[in-house]
2 protein chains.
Amino acid sequence: MIPEPAGEPIRVMLADDEHLIRGALAALLGLEDDLRVVAEAASGSEALAMARVHRPDVAVLDLQMPGLDGVMVATSLRAELPGCRTMIVTGHGRPGHLKRALGAGVRGFVPKTVSAQRLAEIIRTVHGGSRYVDPELAADAISAGDSPLTAREAELLELAEGGAPIAEIAERASLTPGTVRNYLSAATAKLGAENRHAAARIARAQGWL
Amino acid sequence: MIPEPAGEPIRVMLADDEHLIRGALAALLGLEDDLRVVAEAASGSEALAMARVHRPDVAVLDLQMPGLDGVMVATSLRAELPGCRTMIVTGHGRPGHLKRALGAGVRGFVPKTVSAQRLAEIIRTVHGGSRYVDPELAADAISAGDSPLTAREAELLELAEGGAPIAEIAERASLTPGTVRNYLSAATAKLGAENRHAAARIARAQGWL
DNA sequence: CGGCCCTCATGACATTCGTCATCGGAAGTC
DNA sequence: GACTTCCGATGACGAATGTCATGAGGGCCG
């Protein structure tokens, strides 16, 4: 639809660490007359390098990649290539990620459950200057709301994620064990969790860490 | 390669909850002369239903799907359609999963980082009766070894995963809090972890839970 | 400037948790 | 039958943790 009569095709870059998906997607999107996949990357840093060379119109970034994740890449691209629109594709989208992505200037946020045709349409939408956010993910994000955690609380929760004892967290954060306990206690209370481990899970699920 | 001169094509079923990947893969594999994608499914239960109807030669199953996961589907298929070879495709493969998969009669185990062409070759290999396991995943599985946990220990660790307090775990398992602590203490010691939370993480990472 | 929030810390207290010893019963193996 | 392993439980003890009060310093905003 909207066959883009004879203009130049939209230059697309794909970044996804899973070769299977990236390759398949490149092939499918390449079938569309008005899209051309000009670059592929298997990691965040590679995506940045490729973008500098090939200067795509739209960068389709997987959220979870080794090294830099999709949102980080989008942040860098925004500074280096302001003309390049960015969009995020993700498997399981957590509410907080969407907010983070929008803050990074991302113009499209799509789960991997959409079809390739639908993705192609969304790429056109994004290229045209509009935004697109998957309705379900948007609803989740709205219902989730903002993070109630302060920066330190989130940081310490992150360190607590692996199940490490307080002493180790304190050491890694260069803080007193007592202080760490206070922060984690505050975070746990804010999240309504039973203990810091459950709190860390909740925060992670909300995309707040 | 090996163009399968004029025989019947290999009938393939794809099961993956991510429409984007499934569709793209179906399109790419369909390009191979000797492969025909005869069914697609977005969940484990759907995969079983489709398999009963379309009786594929090879079932390509994503490991993580809502409801039944890939290995469970493989187990059922083995009983219902002995002639159907099964293979697992996975994003991040944990050591324990491979063992579980092989136990379920799976004949191929591949990460999503392979290319579509490579996957096509592996489908042919599996259809021919051989097995294929990604070398890196195999190495991980060998170095990881068997689970040292007893059934209850693993079960309680699983309940402990969310960070729930002992009391809640005990209630859910219909056990005494003291007993729960003992089992979790034993599991934690076996895994060399600092506490049950870290132990749960380790066990999950090894695919032992 | 006076508040307000965040940061970092200390001390105290009750609770939870990890660890150990010990017990009985069930199941499987040699 | 003797041995081993697992399951389930109890009691006890020290250490780790959660919770609260309190305080000092810094930054931001009206």
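Convention: sequence-line order gives letters A, B, ...; per-chain numbering from 1.
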Residue whose closest nucleotide on DNA chain D lies nearer the 5' end, B:Pro177 versus B:Pro148: B:Pro148

B:Thr179 vs A:Ala189, nearer the 5' end of DNA chain D by closest nucleotide: B:Thr179

Mind checking if [X] touches a base, just sugar-phosphate, or nothing, with heavy atoms under 4.0 Å?
X	result
B:Leu184	nothing
A:Ser185	base
B:Arg152	sugar-phosphate
A:Thr176	sugar-phosphate
A:Asn182	base

Closer than 3.5 angstrom, by distance alone: can the side chain of [X] be matched with the main-chain N or O of [Y] as a donor-acceptor pair?
X	Y	value
A:Ser174	A:Ala170	no
B:Asp62	B:Met65	no
A:Asp16	A:Ala42	no
A:Asp57	A:Arg11	yes
A:His127	A:Ile123	no
B:Thr179	B:Leu175	no
A:Gln206	A:Ala203	no

Inter-axis angle, terminal five-pair segments of the helix from C:dC1-D:dG30 to C:dC30-D:dG1 [nearest 10°]: 40°

Whole angstrom is fine here: how far is it from [atom1] in [X] over to [atom2] in [N]?
X	N	atom1	atom2	result
A:Leu156	D:dG18	CG	C1'	15 Å
A:Asn195	D:dT17	CG	P	11 Å
A:Lys190	D:dG18	NZ	C1'	16 Å
B:Glu153	D:dG8	CD	P	11 Å
A:Arg181	D:dA15	CZ	P	14 Å
B:Ile166	D:dG18	CD1	P	13 Å

Heavy-atom contact window of chain A on DNA chain C, given 5' to 3' at under 4.0 Å: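 Result: C:dC6 to C:dT10.
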
Contact check, side chains of A:Ile169 and A:Leu184, non-hydrogen atoms, under 4.5 Å: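 Contact flag for A:Ile169/A:Leu184 side chains = yes.
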
Validation row: B:Lys112, A:Ile21 side chains within 4.5 angstrom (heavy atoms): yes

